[in-house]
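Values below: all heavy atoms of this structure, side chains included; hydrogens, waters and symmetry mates excluded. Chain letters run A, B, ... following the sequence lines, proteins first, then strands; residues in each count from 1.
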2 protein chains.
Amino acid sequence: MRDFSRSLPMSLLRAREAVMRQFRPSLREHGLTEQQWRILRALAAIDTVEVTELARTAFLLGPSLSRILRDLEARNLIERKTAKADQRRSMVSISEKGVKLMASVAPSSEAIYAEITRRFGARKLVELQEMLGELEQSLAGLGAGEEASAEE
Amino acid sequence: MRDFSRSLPMSLLRAREAVMRQFRPSLREHGLTEQQWRILRALAAIDTVEVTELARTAFLLGPSLSRILRDLEARNLIERKTAKADQRRSMVSISEKGVKLMASVAPSSEAIYAEITRRFGARKLVELQEMLGELEQSLAGLGAGEEASAEE
DNA sequence: CGAAGATACTTAACATGTTAAGTGAATGCG
DNA sequence: CGCATTCACTTAACATGTTAAGTATCTTCG
């Protein structure tokens with residue numbers, strides 16, 4: 001069997017960890033986890049979303065998102081209100097306080113991203129992301145959850 | 001701020017999830033998590049290792065590894081004995097039962113990996129892994145933990 | 001209309017990620 | 001030697017990942 005430290009999952013895991021290690025300290029200083037930050041960023045760009053759509057955007061599973069939204073709401077960083085037309089749906093939006101928090105984190109976050117880009121190379125970064133997208137695409141519809149979709 | 005769904009961390013996260021989604025069902029059938037599988041694979045190739053070295057190889061943090069080893073030992077999939085020369089060190093090895101479990105999982109795991117390789121392309125896969133390695137390298141010594149290292 | 005099924009979440013339960021603190025065993029050094 | 005420091009782990013505490021089950025609401029269709 002292939003040396004597992006050279007397997008694709010391990011390569012992806014290590015690369016992601018190398019990247020996230022750069023961001024975590026800054027986020028931590030602001031009392032945010034990586035996932036909470038993802039949610040705030042997603043909300044900042046969208047005004048109002050349903051929970052399910054937010055889960056898709058922030059790439060979080062429903063149960064994780066449920067918990068995090070509960071906590072973010074308790075910290076007054078987001079707001080929720082049930083949709084009028086469908087009482088099942090909960091509409092989520094970022095609060096003013098949330099916007100301010102984002103504004104305080106964004107500069108260092110941007111700086112870190114810029115430094116990563118500088119070190120790795122902007123061109124290579126684009127190329128890498130293209131390959132990652134292709135990998136994702138090439139596996140779409142393979143694993144669980146895709147029951148007889150059209151696929152064209 | 002950049003559309004966060006196109007950020008490098010998200011690209012890496014989605015790509016990894018697309019890959020792991022392929023493996024999880026098979027591992028689950030054998031009662032293994034992704035991390036437990038990593039540990040068994042690492043042990044199978046090494047005969048005996050210290051916990052710290054195993055953590056490095058399987059890319060797990062100490063506390064996670066501690067818990068998992070406790071569980072794997074309870075399931076008799078691994079064995080532990082303290083080193084004679086240094087009572088602090090615990091030497092870990094895979095058990096016979098562990099070897100058999102690996103043998104029962106390996107075929108489907110190999111098949112899945114082969115299918116991923118086929119879909120994405122063997123050449124592109126190599127290229128992708130090279131880029132991931134370069135990314136990791138280019139960020140080595142940036143984040144936390146590297147206090148005034150020599151840097152060559 | 002009204003019961004069966006589908007939807008949109010939420011809770012529960014267990015495993016891991018992450019940081020900090022704890023424990024016991026070596027080491028360094030005065 | 002003896003004590004402070006370091007080391008190799010382990011525990012603790014809290015957040016998230018993951019799957020299954022639960023709850024309320026909505027939709028469908030007889």
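Spacing between atom CZ of B:Arg28 and atom C1' of D:dT19 amounts to 6 Å, rounded to whole angstrom units. Between the CG atom of B:Asp86 and the C1' atom of D:dT6 there is a distance of 12 Å, given to the nearest Å. In this entry the distance linking CZ of B:Arg14 with C1' of D:dG17 reads 18 Å, nearest Å. If you measure from atom CZ of B:Arg38 to atom P of D:dG17, you get 15 Å, rounded to the nearest angstrom. Atom pair A:Leu54:CG and C:dT10:P shows a separation of 11 Å (rounding to whole Å applied). At whole-Å resolution of the value, CD in B:Glu73 and C1' in D:dC9 are 14 Å apart.
For the pair B:Ser7 (side chain) and B:Phe4 (backbone), a donor-acceptor distance under 3.5 Å is present. Distance alone, capped at 3.5 Å, places no donor-acceptor pair between the B:Ser64 side chain and the B:Leu60 backbone. Side-chain atoms of B:Lys97 come within 3.5 Å of backbone atoms of B:Arg75 as a donor-acceptor pair (strictly under, hydrogens ignored).
Applying the side-chain hydrogen bond (donor to acceptor under 3.5 Å, both in side chains) test to A:Lys124 and every residue at least two apart in sequence or in another chain returns B:Glu134. Listed by chain and number, the residues in a side chain to side chain contact (heavy atoms under 4.5 Å, CB included) with A:Ile46 are A:Val49, A:Thr57 (sequence neighbours excluded). Residues satisfying the side chain to side chain contact (heavy atoms under 4.5 Å, CB included) criterion with A:Glu79, sequence neighbours excluded, are A:Ser93, A:Ser95. For the side-chain hydrogen bond (donor to acceptor under 3.5 Å, both in side chains) test, no residue two or more places apart in sequence or in another chain qualifies with A:Gln137.
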Pairs: protein N or O with nucleotides 4-7 of chain C N or O, under 3.5 Å:
from	atom 1	to	atom 2	distance (Å)
C:dT7	O4'	A:Arg88	NH1	3.0
C:dT7	O2	A:Arg88	NH1	3.0

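Side-chain contact check for A:Gln129 versus B:Leu8: some heavy-atom pair is nearer than 4.5 Å.
Contact check, B:Arg24 against D:dT18: a side-chain N or O comes under 4.0 Å of OP1 or OP2.
Place B:Lys84 and A:Glu50 on DNA chain C by their nearest nucleotides, and A:Glu50 ends up nearer the 5' end.
For A:Thr52, the side-chain atoms get nearest to C:dC9 when compared with the rest of D:dG17, C:dT19, C:dC9.
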TODO: Take nucleotides 10-15 of chain D nucleotide by nucleotide from the 5' end and write B, S or -, depending on whether a protein heavy atom sits under 4.0 Å from the base, only from the sugar-phosphate, or from neither.
DONE: BBBB-S

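Looking at every heavy atom in both residues, A:Met10 comes nearest to B:Phe59 through CE-CB, 3.5 Å.
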